[in-house]
Peer 1: 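Quick one: this structure, given as structure tokens, is what I'll be asking you about.
The analysis underlying the following values was restricted to heavy atoms, covering all of them including side chains, and did not include hydrogens, waters or symmetry mates.
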Amino acid sequence: MSEMIEQLLRPELRGRTPYGAPQLDVDVQLNTNESSYPVPDEVVRAVSAALHEELSGLNRYPDREFTALREALRDYLAKHAGVSFRPEQLWAGNGSNEVLQHLVQAFGGPGRTALGFTPAYSMHPIITETLGTRWVDGQRDAQTFDLTVESAVEQAREVDPHLVFLCSPNNPTGSALPFEVIEAMLEAAPRALVVVDEAYAEFARPGTPTALSLLADHPRLVVTRTMSKAFTLAGGRLGYLAAGPDIIDALRLVRLPYHLSTPTQTLARIALEHADLLLTTVEAIKEQRDRIVTELTELGLAPVPSDANFVFFGGLADAPATWQALLEDGVLVRDVGIAHHLRVTAGTPQETSRFLAAMARLVPAHMMTKENP
């Protein structure tokens, strides 16, 4: 960036680097938590047919309130999450990042503070700070990466935030958040909107509850989700949230006009109508996730048991060096910047085998030991 343009840039943006995972052409891409499975032909045909009927009408703006999509989301959550909502409690955007952005635009801003607990999803502070809201980097346990009720409450009371971000399952560690933490946060931060990011909820282990079930009793609670992961639609860019109708009304104040295109609404709606088919890959991905945890443990590494479609693992002497060695072997994983740890997406059985075979070759030289700290 030239010096002239940098001087024109907002001061708080100077020196920042844009978000983005490496997009490299390698055999095995396991770094961005996408699904490795293509969209089924049946869904492709259904989307194509629906879009064909609508193409001649693209001279008109899309439904600003995405009415049919909201109804489809309502039906999906009732069937698959076991929680009933009215359409006016649901909101959608171009990926969950846009709905998170809407929340910060409406409830953050200059003079306001957001609190999150690191390590967590790195876009939370990026969205917050680039929209002029002060970000406070709360902390998890340095060894286990867990967030206890006592620690969360103490930090929230000290900060007194206007926004709180919680991830369940957490990214990058993969663990679900106990309900007690969410409920305690609502009490400890009485003037805050509490946002629970459930991007990976469909991959949670049996018996893991969803924060959607808490919404009826907590008007300051918001739960965000996405169709990028379990629905194999990362390229479709559709995220959504559930909240009280008053919060949805507030988001209308900041959304851009007609922010969801007609093709986006149609793609998401047809995908939701085929949810049972699209979600058939979830169990296969969970099986590979658990296989990664088991086999990395057998190799002497320290994976975190996961409720997501990825595994966060430690025990590496030099995580960037291991990342590079895997890349040279044709396997791309994610270096999230936490010492001695990497994150790997659970892919197909073949991709998982490639990753595990590569790790088995690397472990003797790359594992943290007394001789190789």
Peer 1: Output every pair passing salt bridge (charged side-chain N to carboxylate O under 4.0 Å, His left out) with a member in residues 165-185, not counting sequence neighbours, ordered by first then second residue.
Peer 2: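 Passing the test, one end in residues 165-185: no pairs.
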Peer 1: Calculate, to the nearest 0.5 Å, the distance between atoms CG and CD belonging to Asp27 and Glu351 respectively.
Peer 2: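 That separation rounds to 10.0 Å.
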Peer 1: Under the side-chain hydrogen bond (donor to acceptor under 3.5 Å, both in side chains) criterion, do Thr345 and Glu34 qualify, and how do the steps go?
Peer 2: CA-CA 8 Å; Thr345 305; Glu34 302 158 310; over 6 Å; no
Peer 1: Any side-chain heavy-atom pair from Phe165 and Thr128 closer than 4.5 angstrom?
Peer 2: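 Yes; the side chains approach each other to less than 4.5 Å.
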Peer 1: Decide side-chain hydrogen bond (donor to acceptor under 3.5 Å, both in side chains) for Ser353 and Arg291; before the verdict, give the C-alpha distance in whole Å, the side-chain angles of both, and the deciding distance to 0.1 Å.
Peer 2: CA-CA 10 Å; Ser353 294; Arg291 176 187 170 200; 2.8 Å; yes
Peer 1: For Thr113 and His162, test the side chains for any donor-to-acceptor distance below 3.5 angstrom and give the result as yes or no.
Peer 2: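 No.
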Peer 1: Let's go through Ile182 and Val196 carefully: what are the C-alpha distance in whole Å and the side-chain angles of both, what is the deciding distance for side-chain contact (heavy atoms from CB on, under 4.5 Å) to 0.1 Å, and is it a yes or a no?
Peer 2: CA-CA 8 Å; Ile182 300 171; Val196 181; 4.1 Å; yes
Peer 1: With a cut-off of 3.5 Å and sequence neighbours excluded, list every side-chain donor-acceptor pair involving residues 309-317.
Peer 2:
{"from": "Asn309", "atom 1": "ND2", "to": "Asn33", "atom 2": "O", "distance (Å)": "3.0"}

Peer 1: Going by heavy atoms in the side chains, are Thr297 and Leu301 under 4.5 Å from each other?
Peer 2: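 When only atoms from C-beta onward are counted, Leu301 and Thr297 do not touch, as no gap falls below 4.5 Å.
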Peer 1: May I ask you to decide whether Glu273 forms a salt bridge with Arg269, counting only side-chain N to carboxylate O separations under 4.0 Å?
Peer 2: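 Between Arg269 and Glu273 there is a salt bridge, with a charged N closer than 4.0 Å to a carboxylate O.
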Peer 1: Hey, are Asp276 and Lys79 close enough for a salt bridge, meaning a charged N less than 4.0 Å from a carboxylate O?
Peer 2: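 Looking at Asp276 and Lys79, the cut-off is met.
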Peer 1: Taking all non-hydrogen atoms of both residues into account, name the closest pair between Ala156 and Pro161 and its distance.
Peer 2: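 Here Ala156 and Pro161 meet closest at O-CD, 3.5 Å.
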Peer 1: Scan for ring pair (Phe, Tyr, Trp, His ring centres under 6.0 Å) pairs involving residues 235-285, sequence neighbours excluded, and state none if there are none.
Peer 2: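 Passing the test, one end in residues 235-285: Tyr61-Tyr258, Phe66-His259, Trp91-His259, His102-His259.
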Peer 1: Would Leu115 and Leu163 satisfy side-chain contact (heavy atoms from CB on, under 4.5 Å), going step by step from the backbone distance to the final call?
Peer 2: CA-CA 6 Å; Leu115 170 67; Leu163 283 160; over 6 Å; no
Peer 1: Pairing donors with acceptors under 3.5 angstrom, does anything connect the side chains of Thr210 and Arg225?
Peer 2: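 Looking only at side-chain atoms, Arg225 and Thr210 do form a donor-acceptor pair, the distance falling under 3.5 Å.
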Peer 1: Taking atom CE of Met1 and atom CG of Leu8, what is their separation to the nearest 0.5 Å?
Peer 2: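 Met1 CE to Leu8 CG: 10.0 Å, rounded to 0.5 Å.
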Peer 1: Side chains of Arg237 and Ser228 only: does a donor on one sit below 3.5 Å from an acceptor on the other?
Peer 2: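 Yes, Ser228 and Arg237 have a side-chain donor paired with an acceptor closer than 3.5 Å.
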Peer 1: Partners of Tyr19 by ring-ring contact (aromatic ring centres under 6.0 Å, His included), sequence neighbours excluded?
Peer 2: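 Per chain and number, Tyr19 pairs via ring-ring contact (aromatic ring centres under 6.0 Å, His included) with no residue.
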Peer 1: Quick one: closest heavy-atom pair of Ala271 and Leu233, and the distance?
Peer 2: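 Looking at all heavy atoms of both residues, the closest pair is CB-CD1, 3.4 Å.
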Peer 1: Do the side chains of Asp160 and Arg191 get close enough for a salt bridge, i.e. N-O under 4.0 angstrom?
Peer 2: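 Salt bridge between Asp160 and Arg191, a charged N being under 4.0 Å from a carboxylate O: yes.
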Peer 1: If you define the side chain from C-beta out and look only at heavy atoms, does anything of Val43 sit under 4.5 Å from Leu277?
Peer 2: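 Yes, at least one pair of side-chain atoms sits under 4.5 Å.
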Peer 1: Compare all side-chain heavy atoms of Thr266 with those of Glu53 and state whether any distance is below 4.5 angstrom.
Peer 2: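 When only atoms from C-beta onward are counted, Glu53 and Thr266 do not touch, as no gap falls below 4.5 Å.
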Peer 1: Quick check on the hydrophobic clustering: are Val344 and Val304 connected, directly or via other members, by side-chain heavy-atom contacts under 4.5 Å?
Peer 2: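 Looking at the clustering, Val304 is in a separate group from Val344.
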Peer 1: Taking the side chain as every heavy atom from C-beta outward, state whether Pro119 and Val336 have any atom pair closer than 4.5 Å.
Peer 2: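 Pro119 vs Val336: side chains apart.
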Peer 1: So if you build clusters from Ile, Leu, Val, Met, Phe, Trp, Tyr with side-chain heavy-atom gaps below 4.5 Å, do Val194 and Val136 land together?
Peer 2: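 As far as the 4.5 Å side-chain criterion goes, Val136 and Val194 are connected within one cluster.
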Peer 1: Are any side-chain N or O atoms of Arg343 and backbone N or O atoms of Val333, one a donor and one an acceptor, separated by less than 3.5 Å?
Peer 2: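 No, because the side chain of Arg343 does not come within donor-acceptor range (under 3.5 Å) of the backbone of Val333.
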Peer 1: With sequence neighbours left out, write down each residue that passes ring-ring contact (aromatic ring centres under 6.0 Å, His included) with His80, or none if nothing qualifies.
Peer 2: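 Result, ring-ring contact (aromatic ring centres under 6.0 Å, His included) vs His80: Tyr76.
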Peer 1: Decide whether Val83 and Phe203 are clustered together by the hydrophobic rule: side chain heavy atoms of Ile, Leu, Val, Met, Phe, Trp, Tyr closer than 4.5 Å, transitively.
Peer 2: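 Yes, one cluster joins them.
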Peer 1: Applying side-chain hydrogen bond (donor to acceptor under 3.5 Å, both in side chains), can you list everything that pairs with Arg70, at least two apart in sequence or on another chain?
Peer 2: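 Result, side-chain hydrogen bond (donor to acceptor under 3.5 Å, both in side chains) vs Arg70: Glu65.
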Peer 1: More than 12 heavy atoms of other residues, nucleotides or ligands under 6.0 Å from CD of Glu12: is that the case?
Peer 2: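 Atom CD in Glu12 is packed in, count exceeds 12.
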Peer 1: For the CD atom on Gln324, are there more than 12 heavy atoms of other groups (residues, nucleotides or ligands in this structure) within a distance under 6.0 Å?
Peer 2: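 It does: Gln324 CD has more than 12 such atoms within range.
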Peer 1: Walk me through it: do Thr232 and Thr281 pass the test side-chain contact (heavy atoms from CB on, under 4.5 Å)?
Peer 2: CA-CA 9 Å; Thr232 73; Thr281 60; 4.0 Å; yes
